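Chain A is the first sequence line, chain B the second, and so forth, proteins listed ahead of strands; every chain is numbered from 1. On a predicted model such as this, the values are computed, not experimentally measured, just so you know.
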Amino acid sequence: MLRSKFKSAAAALLATALSSSAAFADITILAWPGEPSESAFRKVLDLYNSTEGTKNNSKASVIYFSQQGFKEKMLADVAAGSKEFDVMLTSTYDVGLYAPFMTPIDDLITDKVYDVISKNAIETQKYEGKTYGIPTDLSLHFLYYRKDLIDQLNTDPAWKAKYEEISEKILGKKLSPKPADQWDWDDFIASALFFTKSINPDSPVRYGTVLQMKNLLYNIMLWQGTVASNGGDWRDKDGNITVDSPAYKRGLEIYKIITDNEATPGDSSTYEYGEANSVFGAGQVAFMLQWNAAVPEFSNATKYPIVAGKLGLSHEPAGSEGPKTHFHSLGLGLNKNSEKQDEAKAFLAWLATAEPMKLYAKEGGSPPLAAGPMAEIAGDRPEMVLMGEHAAKYGFVMNGSTSAKALSIYTNMAENFTGYWTGEIEQDEAIANVVADMKKAFTP
Amino acid sequence: MSNATSFEMKERAAARVLLVPLCLFMAALLGFPTLINLWYSFSDVSFQNMIGSFVGLDNYAAALSNPKMWQALGFSLKFAVICTTLQVVAALVLVFILHPLLAKRPWMTAILMLPMMVSPALMGVMYRLILNEFTGPIPVYLEMMGYGVNFLGRGNIYKTVVAIEVLQWTPFAFLILLTARQTISYELEEAAAVDGATGFRSTLHILLPMMKPALVIVVFVRFIDSFRVFDHIYVLTGGGPGNLTTSISIYIYKLFFVQNTLGEAVAVSILLLMMSLALIVAAMRLVVRRN
């Protein structure tokens, strides 16, 4: 009797083991941390685990590194052949660097995917003709401004007169105020000077703008709209380096004039995304250039009561080529070392469908949706429509900025250009250093 | 006599056998990484090609001819000298002031040790918030009192990173020096006082000389530690603006992880290791001679 019970139990155990080995295994995803996308992505995973994941018998969990040094840690892990995560982060600006450690996923990119995700965004996840990621977040820049202040500047005769006086005195030309969506870079500088208390004691805010000038590559991405809007690029179509151009010099000067006139906080050389948000949100500056991710944050009246209801959004100021914005996408792709390629692919295939992408958008993520799903979520996330428009109209990707050396070039630019803005080195020296580094990087 | 010699030989053989596990342990933990790093420093290894091919002394030549390396080295040396001096002086002053109090209430030592227990990276994040011009309590209160100071601005950033290092690690120097101070017999001081020595003279001629071995150790440890500073500076400034606060450790980190020039990064590390070894030998000789 006992023996027969034991046999039945053993058979049941064996059957369970066999059935589970035939089924999918659980997967781990290494994703980009930080709100609001982190919470939104957790909701997407909950949906997967309760629907498709249950069907596949494959649960997905997420792990995060800290933002600081994220890419370095991921690079060290994949180079060491880590299998700790099956799905990993991809970004337009370093897809070339990580491509050797990833499995291309072109077989997942069907026509149905293009109905959900913008084709342009999928292009930004390609390297040497192969697709490495499903884009989950579009990143570009807006000019964030206080509507109440800019409106008053355009209507109050006393403010107008002061604006003209300041622009003439400091910039050497008499400029008149304009609505933010008609600004060029001179208007940007003049407005920054006008709203700076040390220049205009009647300014209701302490500084005109807040520049992010920490020695950090992302800050160069934020700045380089000044260059692209004046026709600048990393390289021309023949591959010649074109950083030593009037467009780059003009871009560098825009930040330099603002810094030298103290129209940005004195500790801006240690500022990045978070600091700039806290300064703008505390009502200490009138406008700033910032990543789109800040829009949902400023919509939170509890967190930022001073700017709630007063936030205006526009494209970056125009240069000789009109307004431009750097844009890139973050995405998720397959770790080549993963032993769960099928499970990870099943997850990515599901992720590229309408339901998870719309949920992600509703919860605060910024997926680059195609027109159909975008129209469905426009009511919840109006700025996403603007993002789509801006990416299409003003978006640029610098020539060479998806190569394996892009991160290193951005970092070198950050080192040299922040050095110039804070008076450590001269402009010519900064540009020459960057050009020398780029020549080395692009030499086969 | 022959019995004694045989016993000594057996003892020596036993000692050698007993040393084997330690040698194996050292070979595994230090020998292998050192050898592999030596290979890396002579090769063009990268994340995409972890084996690399032999390039001779190219990495060392590139490292030594790079002005950024010398700039970073200069920063680290200056930073280490300033921080070590400030930490040791502050710790000494604290030891002489607080020694009587801590002798009665030893639990207070634990409170003084608190800054040392915070991770340096967290310290960087903390000061990034505390010293922010708008949201940081210190600048805000100073502003209210009419002393507007921009701690993280270009003019002050160097002083700020030094101050953070000193605030965090002075307790370490204090702990070592306090222990050394506590080992000095009270009778010695009493005898000096009976002979008419003032407090200052007995500190100068009795206490400080007796604390010298501990002082050498503290100076040595704090110098090495401050020299390889990384965490709080990287979090606070990223090594900038420009290269203003790029320490040699940040420089190596960027060469390795950002520039993907692993060979050159390791070559710089090996050059620094050789420098550190020279320092260790010098410091140990000083301590041994003193003892």
Take A:K214 and B:T237 through the side chain to side chain contact (heavy atoms under 4.5 Å, CB included) test and state the conclusion after the steps. CA-CA 6 Å; A:K214 187 174 177 181; B:T237 69; 5.6 Å; no
Rounded to the nearest 0.5 Å, what's the gap from [atom1] on [X] to [atom2] on [Y]? Could you check?
| X | Y | atom1 | atom2 | answer |
| --- | --- | --- | --- | --- |
| B:L244 | A:N215 | CG | CG | 10.5 Å |
| A:R206 | B:F134 | CZ | CZ | 5.0 Å |
| A:D267 | B:N156 | CG | CG | 10.0 Å |

Given 3.5 Å as the limit, does a donor-acceptor pair link the side chain of A:T418 with the main chain of B:G242, or not?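 The answer is yes, because a donor-acceptor pair under 3.5 Å joins these two groups.
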Quick one: which of [options] has the most heavy-atom pairs under 4.5 Å with chain A, could you say?
| options | result |
| --- | --- |
| B:L131, B:L236, B:L129 | B:L236 |
| B:K68, B:R128, B:Q259, B:K254 | B:R128 |
| B:T261, B:N260, B:V235 | B:V235 |

Around atom [atom1] of [X], are there more than 12 heavy atoms from other residues, nucleotides or ligands closer than 6.0 Å?
| X | atom1 | result |
| --- | --- | --- |
| A:K439 | NZ | no |
| B:Y147 | OH | no |
| A:E38 | CD | yes |
| A:E429 | CD | yes |

Any B:E133 side-chain heavy atom under 4.5 Å of A:Y207 side chain: yes
Chain B shares the most heavy-atom pairs under 4.5 Å, among A:K405, A:K71, A:E272, with A:E272
Counting heavy-atom pairs closer than 4.5 Å to chain B, which one of A:G423, A:G266, A:A79, A:S269 comes out on top? A:G266
Proximal component of B:Y253, with respect to chain A [non-hydrogen, under 4.5 Å]: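 Side chain only.
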Given a strict heavy-atom distance threshold of 4.5 Å, which part of B:N132 is in contact with chain A: side chain, backbone, both, or neither?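 Contact with chain A is through both the backbone and side chain of B:N132.
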Over all atoms of both residues, closest heavy-atom pair of [X] and [Y]:
| X | Y | result |
| --- | --- | --- |
| A:A76 | B:F257 | CB-CE2, 3.9 Å |
| A:T270 | B:I157 | CG2-CD1, 4.0 Å |
| A:T422 | B:R154 | O-CD, 2.6 Å |

When you check the side-chain N and O atoms of B:Q48 and A:Y98, is any donor under 3.5 Å from an acceptor?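 There is no such pair (donor and acceptor under 3.5 Å, judged by atom type) between the side chains of B:Q48 and A:Y98.
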